[in-house]
Number of protein chains: 2
Amino acid sequence: MKERAVTIYDISKQAGVSIATVSRVLNGSENVSEATRQKVLAAMEESGYTPNAFARGLGLNTMKTIGIMAADSSDLYLAKGIYYLEQLLRNEGYDCLLCCTGYTLANRIASMNLLLTKKVDGIILVGSNFIYENEEDNKYIYDAAAQVPVMLLNAALDAPNVYCITSDDYTSVFNATTKLIEQGISEILYLYNSHSYSGKRKEAGFRDAMKNAGIKLKEDSLLFYKGAREDVGAVTAQLESHWDKGHHFKAVIASDDTLAISALKFAYRKNLQIPEDLAVIGYNNSFLAECVTPELSSIDNRLETLCQTLTSTLMGVLGGNEMPKQTVFAGELISRATTPA
Amino acid sequence: MKERAVTIYDISKQAGVSIATVSRVLNGSENVSEATRQKVLAAMEESGYTPNAFARGLGLNTMKTIGIMAADSSDLYLAKGIYYLEQLLRNEGYDCLLCCTGYTLANRIASMNLLLTKKVDGIILVGSNFIYENEEDNKYIYDAAAQVPVMLLNAALDAPNVYCITSDDYTSVFNATTKLIEQGISEILYLYNSHSYSGKRKEAGFRDAMKNAGIKLKEDSLLFYKGAREDVGAVTAQLESHWDKGHHFKAVIASDDTLAISALKFAYRKNLQIPEDLAVIGYNNSFLAECVTPELSSIDNRLETLCQTLTSTLMGVLGGNEMPKQTVFAGELISRATTPA
DNA sequence: TTTTCCAATGTAAGGGCTTGCATTCTTTTG
DNA sequence: CAAAAGAATGCAAGCCCTTACATTGGAAAA
């Protein structure tokens with residue numbers, strides 16, 4: 001299959017210059033006369049030369065690759081983030097090594113090492129679940145950051161060489177909750193399934209909004225689902241069982257669109273009118289929101305903006321510039337048909 | 001940031017052996033006595049040695065990386081495929097370089113070259129849209145296949161070093177259509193938005209099933225939507241306009257779940273009961289199908305099986321074995337609430 | 001014209017690892 | 001017990017680039 005490849009030596013011979021000169025035009029060095037540059041380029045063109053990435057890597061100690069870690073690249077939201085990042089990084093001349101880690105720490109440590117072994121120039125952690133409550137569990141991030149910049153999307157961690165781009169989840173949920181209350185709906189159920197960094201921020205936003213409105217928060221106003229949120233049937237069932245135990249509510253704010261979908265299904269089963277009997281607000285404003293009927297109101301956390309900022313910050317860091325350690329963007333409730341006008 | 005890394009020389013010194021021996025234990029060579037192996041491993045462990053991937057690549061001419069190309073990694077179906085592949089390949093010790101190419105040929109050629117430059121060991125094209133009608137446009141695939149094995153998921157192309165794993169889309173749609181007809185529904189609209197390899201197979205399945213049942217196919221029985229299928233609103237509008245022109249139907253078979261979602265929305269707007277007034281069948285059996293109400297009947301093309309087979313075939317090829325050039329699996333209609341029982 | 005200086009180019013020393021071949025030492029065989 | 005075979009290890013030549021430093025030649029300065 002692979003015959004001996006064309007090397008820099010072949011080009012140097014063909015163009016009648018030294019390999020150093022060839023290397024210089026390869027790397028866009030200034031100190032090459034236009035005439036030689038053309039000669040070399042012609043030779044490359046003619047023989048279909050492609051520099052050997054490994055040798056290049058050895059010399060430059062980089063292969064222009066960024067590692068992207070996500071728990072599950074098929075999650076609607078994470079997939080979108082990965083997509084944006086890949087596009088943006090490619091524009092900057094970087095390739096992406098993708099690592100789906102699942103949710104266990106052991107896997108994450110392994111993946112992290114893998115990426116480091118492959119000499120990526122930076123690592124992006126997509127999703128807030130990469131930060132652990134137990135400070136020791138975050139060691140794998142600190143270790144990685146000792147070697148390459150680590151970017152967190154939707155999570156925050158104060159450490160050297162770690163940069164965080166987040167959405168202001170707290171305020172988004174606070175505002176959404178407040179808005180519902182102002183519309184006269186105060187029996188709100190907060191449905192969530194993660195204690196991640198942003199998960200806790202969202203929850204806090206809910207609690208504070210309720211408190212702020214002077215509504216005493218019963219503990220049955222929060223429902224935690226401990227399984228995979230993609231298991232729509234199970235989440236729906238849990239909502240039903242909650243309701244059937246006498247915990248009624250007039251609205252659901254979910255920490256994720258997928259969970260909100262279950263709330264919609266729940267309403268359908270219970271024959272509740274949306275939004276009259278039950279208002280529903282999701283989070284992430286994913287494609288799902290437009291797919292369901294009635295269309296789901298959802299909090300948009302401006303994923304594309306986050307990704308753009310993350311990328312430019314990373315590029316800045318790699319370029320040796322001082323960059324902000326944390327950047328926060330405001331979210332926004334997109335009102336559709338599951339909330340009162 | 002980066003202090004001088006531990007190299008094979010350090011280990012060799014520390015263990016009191018030659019670097020050749022260290023390299024041998026690194027590569028699991030047979031000819032090393034157990035005692036030395038242990039000594040070396042201990043030294044590695046102690047000094048936290050990580051072999052330099054570039055140097056390794058230079059020597060071995062591989063970095064155990066597979067390139068994955070997909071038009072859009074955030075597409076629900078493609079994302080799932082990428083996810084499966086990434087997991088499977090990782091299990092085999094390979095990393096994945098992800099390339100989202102969009103739908104233009106120029107981008108694809110560029111991406112392909114990029115992957116080849118980075119010396120991937122194989123390339124996987126996820127999605128049937130990588131094959132072009134115009135034979136010349138497929139040159140980029142042949143070129144790539146001249147260097148590394150190319151795997152096609154859901155597409156077929158007969159060429160050296162190209163391996164295809166597909167679902168029998170033709171039969172799946174043929175059967176689904178036939179089943180509807182047997183249930184007494186013969187006014188069926190086939191809704192599609194792609195002329196890709198599998199797109200054409202599906203369409204043929206529909207046409208043949210109708211013909212086979214002796215139903216004369218009016219050309220208004222097929223509706224092609226030329227934009228992005230994610231634009232649910234636009235697809236819905238086009239369905240409405242089609243209907244309003246007098247082209248009525250009692251069922252929709254869509255070439256993709258996302259399109260089917262639009263059919264559901266259309267029914268809702270027209271106040272058609274599902275499945276009594278309108279039956280709907282999607283394709284891919286994606287997560288979307290379970291999210292909507294009523295839940296969508298959809299053709300499952302066994303993506304996970306396809307990915308497994310693709311991976312094992314690729315591993316076989318890389319291992320120098322003769323492997324089947326084309327593997328086809330049967331699909332299956334998953335009946336949910338949008339089709340009559 | 002001679003001296004400086006600088007742009008353009010070449011020389012050669014790595015960068016860290018793999019591997020064919022040579023060498024040494026241990027076993028087996030006759 | 002000598003000779004042959006085999007196992008374990010070392011030597012050194014790559015693999016293909018990058019780049020600090022040396023060299024050259026011509027233009028600018030004196």
Side-chain angles (χ1 to χ4, degrees), chain A residues 1-44 47-65 116-121 147, chain B residues 1-44 47-65 116-121 147:
Chain A
M1 198 70 60
K2 308 199 186 194
E3 67 277 14
R4 189 182 156 293
V6 182
T7 76
I8 202 172
Y9 289 93
D10 302 319
I11 303 299
S12 99
K13 205 168 301 168
Q14 201 172 327
V17 298
S18 73
I19 60 163
T21 301
V22 177
S23 176
R24 287 194 188 95
V25 344
L26 219 47
N27 294 286
S29 162
E30 290 294 288
N31 302 327
V32 183
S33 75
E34 192 50 33
T36 345
R37 160 173 276 105
Q38 290 308 330
K39 249 192 324 192
V40 172
L41 288 177
M44 288 179 173
S47 51
Y49 168 70
T50 313
N52 180 303
F54 298 144
R56 208 112 193 268
L58 235 198
L60 295 170
N61 206 35
T62 161
M63 208 152 111
K64 300 271 257 174
T65 307
L116 291 174
T117 299
K118 295 245 173 154
K119 298 267 189 187
V120 294
D121 298 302
Q147 298 189 47
Chain B
M1 198 70 61
K2 308 198 187 194
E3 67 276 15
R4 189 181 156 293
V6 182
T7 77
I8 202 172
Y9 288 93
D10 302 319
I11 302 300
S12 99
K13 205 168 302 171
Q14 202 171 325
V17 298
S18 73
I19 61 163
T21 300
V22 177
S23 175
R24 287 197 187 93
V25 345
L26 219 47
N27 294 287
S29 162
E30 290 294 290
N31 302 325
V32 184
S33 74
E34 192 50 31
T36 356
R37 160 174 275 104
Q38 291 309 330
K39 251 193 320 188
V40 172
L41 288 177
M44 288 179 173
S47 52
Y49 169 69
T50 313
N52 180 302
F54 298 144
R56 207 112 192 268
L58 235 198
L60 296 170
N61 206 34
T62 163
M63 208 151 111
K64 300 271 257 175
T65 308
L116 291 173
T117 299
K118 295 246 173 155
K119 298 266 188 188
V120 295
D121 299 302
Q147 297 188 48

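Hydrogens, waters and symmetry mates play no part in the numbers below; they use all other heavy atoms, side chains included. In the text below, chain A, chain B and the rest are named by the order of the sequence lines, each starting its count at 1. It should be emphasised that the depicted structure is a prediction, and the values quoted were computed from it without experimental measurement.
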In whole angstroms, how far is the [atom2] atom of [N] from the [atom1] atom of [X]?
X	N	atom1	atom2	result
A/Lys39	C/dA8	NZ	P	13 Å
B/Lys119	D/dC16	NZ	P	8 Å
A/Lys13	D/dC17	NZ	P	13 Å
B/Asn31	C/dT26	CG	C1'	14 Å
B/Ile19	C/dT18	CD1	C1'	9 Å
B/Met63	D/dC16	CE	C1'	15 Å
B/Glu30	C/dT19	CD	P	14 Å
A/Asn61	C/dG16	CG	P	8 Å

Which of these nucleotides, [options], is closest to any side-chain atom of [X]?
X	options	result
A/Thr21	D/dA8, D/dC17, C/dG10	C/dG10
A/Asn52	D/dT18, C/dT18, D/dC16	D/dC16
B/Val32	D/dT9, C/dT9, C/dG10	D/dT9
A/Ala55	D/dT9, D/dC17, C/dT9	D/dC17

Contact between [X] and [Y] at the side-chain level, heavy atoms closer than 4.5 Å - yes or no?
X	Y	answer
B/Val22	B/Met44	yes
B/Arg56	B/Leu26	yes
A/Val32	A/Val40	no

Examine [N]: is either OP1 or OP2 under 4.0 Å from a nitrogen or oxygen in the side chain of [X]? Give yes or no.
X	N	result
A/Ser33	C/dT9	yes
B/Arg56	C/dT18	yes
B/Ser18	D/dG10	yes
A/Asn27	D/dT18	yes
B/Arg24	D/dT9	no
A/Thr7	D/dC15	no

Using a 4.0 Å heavy-atom cut-off across all strands, classify [X] as base, sugar-phosphate, or nothing.
X	answer
B/Ser23	base
A/Leu60	sugar-phosphate
A/Val22	nothing

Heavy-atom donor-acceptor pair, A/Tyr9 side-chain to D/dC15 base, under 3.5 Å: no
For the [atom1] atom of [X] and the [atom2] atom of [Y], what is their distance to the nearest 0.5 Å?
X	Y	atom1	atom2	value
A/Phe54	B/Asn61	CZ	CG	6.0 Å
B/Ile8	B/Asn52	CD1	CG	10.5 Å
B/Thr65	B/Lys119	OG1	NZ	12.5 Å

Residue met sooner reading DNA chain C from 5', once B/Ala20 and B/Leu58 are mapped to nucleotides: B/Leu58
